[in-house]
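Only one structure is covered here, and it is reproduced in the block below.
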Amino acid sequence: MKKSFSFPIIFMVILTAFFTFILAFLNYSTADKISFNKELELNKKLLYIFDITPSSGEPDEISQAFMDNIGSIPFDDEPLYVHHGENEEVLGYAVPINGSGLWGSIEGFVGISSDYSTILGLDFTSHSETPGLGGRISEEWFREQFRGIDITAAKNGEYIIYKPASGGNVDAIAGATLTSKSVSNFVNDDIYNFIRLRKGE
Amino acid sequence: MMKGDSPKKIFMMGIWKDNPVLVQIIGICSALAVTNLMLNSLIMGVGLMFVTAFSSFTVSLIRTFTPKHIRMMVQVLIIAAYVIIVDIFLQAYMPEMSKALGPYVGLIITNCIIMGRAEAYAQKNPPIASFLDGLASGLGYTIVLLIIAFIRELMGFGSIFGIPVLGEWWTPWTIMIMPPAAFFILAVVIWVTKNIQDKEKDEKKGEVVSS
């Protein structure tokens with residue numbers, strides 16, 4: 001084997017450059033497709049929050065349903081997704097929610113009706129909770145619980161309360177106490193702040 | 001290690017006699033993690049087969065030029081590159097799968113099987129044989145994952161590849177889809193394999209079994 005000092009360095013540099021080039025090319029050629037997939041994913045989640053079912057799972061149908069039902073309005077210097085009816089009247093807001101879970105930040109949206117009386121639905125866009133435990137927040141049974149919760153009677157910004165506490169409306173995840181706790185905390189905080197800001201306008 | 005390069009022998013070793021999970025007890029982390037659904041296991045296995053086969057091929061291709069003392073750096077670089085290719089491919093063409101597997105795709109790189117094959121085989125053997133060796137080890141891994149996932153999904157969800165096969169009467173065993181089940185089913189599978197392999201050895205008494 002060669003014992004020179006420079007050969008291993010040159011070898012490594014060439015090899016690294018070669019693989020970097022291949023990966024850069026692949027990344028470049030699939031970037032559009034991947035961003036399209038991500039957008040579609042987001043569209044699906046927003047449709048889910050407002051309980052709108054596209055006529056089929058085809059990407060075209062989902063995009064169409066999204067364009068027909070969901071728009072965005074400027075709010076607090078950022079676009080806010082809203083569900084609008086046939087005459088462009090606002091039916092609900094998709095309030096961005098985020099907070100820290102057990103392992104990392106959790107992000108998502110919660111739908112609030114335009115009169116701030118009902119939670120329409122909830123979905124998460126990203127989280128890194130333990131699969132099978134905290135990760136179950138993204139399972140359907142958990143998310144479905146957030147459909148149509150009446151929040152007019154809520155006091156002190158306690159919109160989501162886990163059963164069996166009095167006034168409880170949602171089941172927490174067994175074995176994932178920290179994740180559940182954190183989800184209810186940031187969902188409540190974000191809804192509270194959102195409603196306060198909106199009403200303060 | 002293996003001397004013969006005939007495809008039959010390579011596959012015999014990778015899948016049965018020297019199965020990475022059952023005999024070498026490597027690649028256990030992912031075997032425990034993804035086996036609650038058969039589809040996840042299959043995609044994970046295919047991903048690993050791809051990465052192991054191609055990285056072994058590449059390592060073997062440049063083995064005569066690679067300075068010995070930096071070979072591990074080179075191997076890691078090659079493996080990482082292929083894992084990223086798999087990740088990009090899944091994100092672009094199978095977004096659902098990419099989401100289901102999530103962090104596990106990135107974790108293929110830490111799978112000991114790939115580097116194990118690169119070190120133990122590809123470093124000393126020609127490219128085609130190395131490619132087959134990687135493929136065989138990946139296949140051995142995939143088969144074990146599928147066996148475990150079959151038991152877990154069937155008992156945990158009453159389905160196979162997401163298709164319900166056990167009727168309404170079946171009460172799903174929640175523990176089967178939880179992490180503990182992976183541990184004891186893997187242990188049972190290893191136990192059964194060990195018994196069969198020991199019996200095989202007894203029958204061949206006198207012969208030297210290469211391992």
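- By the neighbour-count criterion of 12 heavy atoms within 6.0 Å, atom CZ of B:Phe184 is densely surrounded, having more than that number from other residues, nucleotides or ligands.
- Nearest heavy atom pair, residue A:Phe11 against residue B:Phe65, reads CE1-CB, 3.8 Å.
- Note that the CD1 atom of B:Ile88 and the NZ atom of A:Lys33 stand 14.5 Å from one another [nearest 0.5 Å].
- The side-chain heavy atoms of B:Pro95 and A:Glu41, taken from C-beta on, include no pair separated by under 4.5 Å.
- Atom NZ of B:Lys194 is surrounded by 12 or fewer heavy atoms from other residues, nucleotides or ligands within 6.0 Å.
- Proximity of a side-chain donor or acceptor of A:Asn37 to a complementary backbone N or O of B:Ala92 within less than 3.5 Å is detected.
- Contacts of A:Thr16 with chain B are made by both backbone and side-chain atoms, with heavy-atom separations under 4.5 Å.
- Using a 4.5 Å heavy-atom threshold, the side chains of B:Ile62 and A:Leu15 count as touching.
- Heavy atoms of other residues, nucleotides or ligands lying less than 6.0 angstrom from OH of A:Tyr81 number 12 at most.
- For the pair A:Thr30 and B:Gln91, the minimum side-chain heavy-atom distance is 4.5 Å or more.
- More than 12 non-hydrogen atoms from other residues, nucleotides or ligands lie less than 6.0 angstrom from CH2 of B:Trp16.
- Separating the CD1 atom in A:Ile34 from the OH atom in B:Tyr93 is a distance of 8.5 Å, to the nearest 0.5 Å.
- Contact tally against chain B (heavy-atom pairs below 4.5 Å) for A:Leu26, A:Thr20, A:Leu23: the top residue is A:Leu23.
- Around CD of A:Glu89, the count of heavy atoms belonging to other residues, nucleotides or ligands within 6.0 Å exceeds 12.
- Heavy atoms of other residues, nucleotides or ligands lying less than 6.0 angstrom from CZ of B:Phe183 number 12 at most.
- Residues B:Ile85 and A:Phe19 have side chains not in contact (no heavy-atom distance under 4.5 Å, counting atoms from C-beta outward).
- The environment of A:Trp103 atom CH2 is sparse: at most 12 non-hydrogen atoms of other residues, nucleotides or ligands sit within 6.0 angstrom.
- The shortest heavy-atom contact between B:Pro67 and A:Pro8 is CG-CA, 3.9 Å.
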